[in-house]
S.K.: 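Would you mind keeping the following structure in view while I ask a few things?
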2 protein chains.
Amino acid sequence: MEYQEAKEKFISTWGSLGTLWGINKAMAQIQSLLFISTKALSMEEIMDELKISRGNTSMNLRQLMDWGIVTKELIPGERKEFFTTEKDVQELARHIAKERSRREIKPVIKILKDVSSIKDDGTAKTKELIKQTKALHDLAETADTMMNKIVNQEQNWITKSLLKLIK
Amino acid sequence: MEYQEAKEKFISTWGSLGTLWGINKAMAQIQSLLFISTKALSMEEIMDELKISRGNTSMNLRQLMDWGIVTKELIPGERKEFFTTEKDVQELARHIAKERSRREIKPVIKILKDVSSIKDDGTAKTKELIKQTKALHDLAETADTMMNKIVNQEQNWITKSLLKLIK
DNA sequence: ATAAACTTTCAATAATTATTGAAAGTTTAG
DNA sequence: CTAAACTTTCAATAATTATTGAAAGTTTAT
């Protein structure tokens with residue numbers, strides 16, 4: 001496999017994985033393009049490379065910046081803006097986990113808490129709703145906590161020792 | 001909050017979370033309905049409760065069965081089929097993690113391996129592609145392994161000790 | 001065998017989500 | 001100040017994905 005083929009394969013695979021996990025294709029592809037680029041890219045370069053429109057590029061770059069995984073880079077003497085992504089996979093995972101937790105998991109945990117706190121009126125169906133949503137609440141909270149802790153850690157020693165422990 | 005409101009809130013929240021993570025709404029809602037039901041439900045009951053068509057119900061029930069989280073239950077004397085979901089959250093998480101790993105993560109890991117194994121032609125861009133996809137490969141593999149181990153374990157003691165360790 | 005009770009399939013349609021492109025907005029250089 | 005270089009916005013459109021409903025298929029009871 002040659003460079004060009006490998007590059008295209010990587011970008012398109014990443015795009016499909018994104019889609020599968022609720023992240024739009026263009027967004028995932030822009031990020032992956034930056035991830036393997038040796039230098040910051042301009043909007044023009046991204047558009048050309050991925051064959052997507054200016055508007056699309058602009059909007060998705062913004063979202064990536066909102067997620068904290070892409071940053072603008074100002075190159076002295078250049079009028080246009082250049083973009084880079086976080087290059088360290090650990091940091092990247094940290095950002096993504098943190099954001100998904102904040103935006104998606106935490107709000108659901110809150111609702112599970114509310115729902116599982118309704119008054120027990122003694123009927124079987126109410127008891128079941130309370131029991132099941134409570135179990136889900138606890139699981140979600142545990143998973144969320146673990147996720148964040150693992151991903152936030154000064155990483156290496158702890159992850160490695162964890163891995164050893166559970167392997 | 002009354003039973004009915006809590007129930008609707010739970011089902012619709014679960015549906016939206018599903019959507020956000022690439023799972024279709026009807027599928028997530030059917031599962032959540034079964035999850036808080038005190039008994040197995042027929043197709044008719046599911047359709048009525050969620051206001052979805054017969055075809056939609058049938059197809060999504062099938063998918064849920066493919067995922068291994070819903071099973072048919074034959075009730076003696078009844079002609080129609082009844083459905084239940086795995087009621088234990090731990091088991092539920094196990095099934096989902098296992099399937100997503102098998103269907104989505106493992107294939108991507110394979111591609112990352114291929115891409116990161118291309119011949120190093122000495123250029124900076126090839127070196128970067130190799131380095132970055134290799135890092136992603138290692139991260140994905142570690143995360144996948146951890147996930148599966150954690151979720152597969154006889155659970156309680158190990159999860160609890162992990163939590164203590166990283167808290 | 002056949003009719004009733006039920007489920008599955010799938011082409012048509014609807015709903016949702018992503019993408020375009022051009023107009024409006026902003027910033028910088030002269 | 002104003003023109004050029006660039007970015008953002010957003011209504012229109014395209015692409016994708018979900019849903020319907022009715023016909024075809026299957027199973028069971030008689």
Side-chain angles (χ1 to χ4, degrees), chain A residues 11-34 40-67 70-84 100 103-104, chain B residues 11-34 40-67 70-84 100 103-104:
Chain A
I11 291 173
S12 93
T13 301
W14 216 237
S16 321
L17 183 66
T19 301
L20 229 41
W21 287 72
I23 287 153
N24 104 24
K25 199 178 78 175
M27 188 170 156
Q29 292 194 338
I30 293 171
Q31 197 278 329
S32 64
L33 176 64
L34 294 175
L41 301 180
S42 67
M43 214 153 89
E44 213 71 25
E45 291 171 304
I46 296 170
M47 291 166 56
D48 280 8
E49 193 77 60
L50 302 177
K51 310 266 178 281
I52 57 180
S53 72
R54 189 175 296 282
N56 199 3
T57 308
S58 169
M59 283 172 123
N60 283 107
L61 277 171
R62 166 114 80 97
Q63 281 211 74
L64 285 163
M65 289 188 283
D66 288 349
W67 274 72
V70 162
T71 45
K72 256 182 206 163
E73 192 158 291
L74 294 176
I75 297 189
E78 284 278 11
R79 183 78 169 266
K80 42 172 157 316
E81 299 173 323
F82 290 79
F83 301 89
T84 30
R100 284 206 108 145
R103 301 177 183 207
E104 300 164 6
Chain B
I11 292 173
S12 94
T13 301
W14 216 236
S16 322
L17 184 66
T19 301
L20 229 40
W21 286 72
I23 287 152
N24 102 26
K25 200 178 76 175
M27 187 171 157
Q29 292 194 337
I30 293 172
Q31 196 279 327
S32 63
L33 176 63
L34 294 175
L41 301 180
S42 68
M43 212 154 88
E44 213 72 24
E45 291 172 302
I46 296 171
M47 290 166 57
D48 280 7
E49 192 76 61
L50 301 178
K51 311 263 178 284
I52 58 180
S53 72
R54 188 174 296 283
N56 198 3
T57 308
S58 170
M59 284 172 123
N60 283 106
L61 277 170
R62 166 114 80 98
Q63 280 211 74
L64 284 163
M65 289 188 285
D66 288 349
W67 274 73
V70 162
T71 46
K72 255 182 206 162
E73 192 158 292
L74 294 176
I75 296 189
E78 284 276 11
R79 184 78 168 269
K80 43 173 159 314
E81 298 173 322
F82 290 80
F83 302 89
T84 30
R100 285 207 105 148
R103 301 176 184 210
E104 300 164 5

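Convention: sequence-line order gives letters A, B, ...; per-chain numbering from 1.
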S.K.: In this structure, which stretches of DNA chain D are paired as stems of three or more consecutive Watson-Crick or G-U pairs, both distances less than 3.5 Å?
M.R.: C:1-30 with D:1-30
S.K.: For residues 14-26 of chain B, which residues have at least one heavy atom under 4.0 Å from DNA chain D?
M.R.: N24(B), A26(B)
S.K.: Output all residues satisfying side-chain contact (heavy atoms from CB on, under 4.5 Å) with D48(B), sequence neighbours left out; order by chain, then residue number.
M.R.: none
S.K.: Could you go through residues 70-82 of chain A and list every donor-acceptor pair under 3.5 Å that involves a side-chain atom there, pairing it with any protein atom two or more places apart or in another chain?
M.R.:
| from | atom 1 | to | atom 2 | distance (Å) |
| --- | --- | --- | --- | --- |
| K72(A) | NZ | E81(A) | OE2 | 3.1 |
| E73(A) | OE1 | T84(A) | OG1 | 3.3 |

S.K.: Mind checking side chain to side chain donor-acceptor pair (under 3.5 Å) for T57(B) and listing every partner two or more places apart, or none if nothing turns up?
M.R.: none
S.K.: I want to confirm an ordering. Mapping G55(B) and N56(A) to their closest nucleotides on DNA chain D, which one lands closer to the 5' end?
M.R.: N56(A)
S.K.: For R62(A), give me all partners under side-chain contact (heavy atoms from CB on, under 4.5 Å), at least two apart in sequence or on another chain.
M.R.: D66(A)
S.K.: So, taking the atom named CG in L41(A) and the one named CD in E49(A), what distance separates them when rounded to the nearest 0.5 Å?
M.R.: 7.5 Å
S.K.: Hey, what do you get for OG (S32(B)) to NZ (K25(B)), rounding to the nearest 0.5 Å?
M.R.: 11.5 Å
S.K.: Please name all residues satisfying side-chain contact (heavy atoms from CB on, under 4.5 Å) with L50(A), sequence neighbours left out, ordered by chain then number.
M.R.: I11(A), Q29(A), I30(A), L33(A), I46(A), I52(A)
S.K.: My understanding is that only residues two or more places apart in sequence, or in another chain, count here; which of them pass salt bridge (charged side-chain N to carboxylate O under 4.0 Å, His left out) with R54(B)?
M.R.: E44(B)
S.K.: State, yes or no, whether a side-chain contact exists between L34(A) and Q31(A) at a heavy-atom distance under 4.5 Å.
M.R.: no
S.K.: Distance check, rounded to the nearest 0.5 Å: M59(B) atom CE versus S53(B) atom OG?
M.R.: 9.5 Å
S.K.: Got a sec, which residues hit side-chain contact (heavy atoms from CB on, under 4.5 Å) with I23(A), two or more places apart in sequence or on another chain?
M.R.: M27(A), A28(A), R100(A)
S.K.: Taking any atom under 4.0 angstrom from a heavy atom of chain B, which nucleotides of DNA chain D are the first and last to qualify, 5' to 3'?
M.R.: dA18(D) to dT28(D)
S.K.: For DNA chain C, what residues of residues 42-53 of chain A have any heavy atom nearer than 4.0 Å?
M.R.: K51(A), I52(A), S53(A)
S.K.: Taking atom CE of M47(A) and atom OG of S58(A), what is their separation to the nearest 0.5 Å?
M.R.: 10.5 Å
S.K.: What nitrogen or oxygen pairs link the protein and nucleotides 27-30 of chain C at under 3.5 Å?
M.R.:
| from | atom 1 | to | atom 2 | distance (Å) |
| --- | --- | --- | --- | --- |
| dT27(C) | O2 | R79(A) | NH2 | 3.2 |
| dT28(C) | O2 | R79(A) | NH2 | 3.1 |

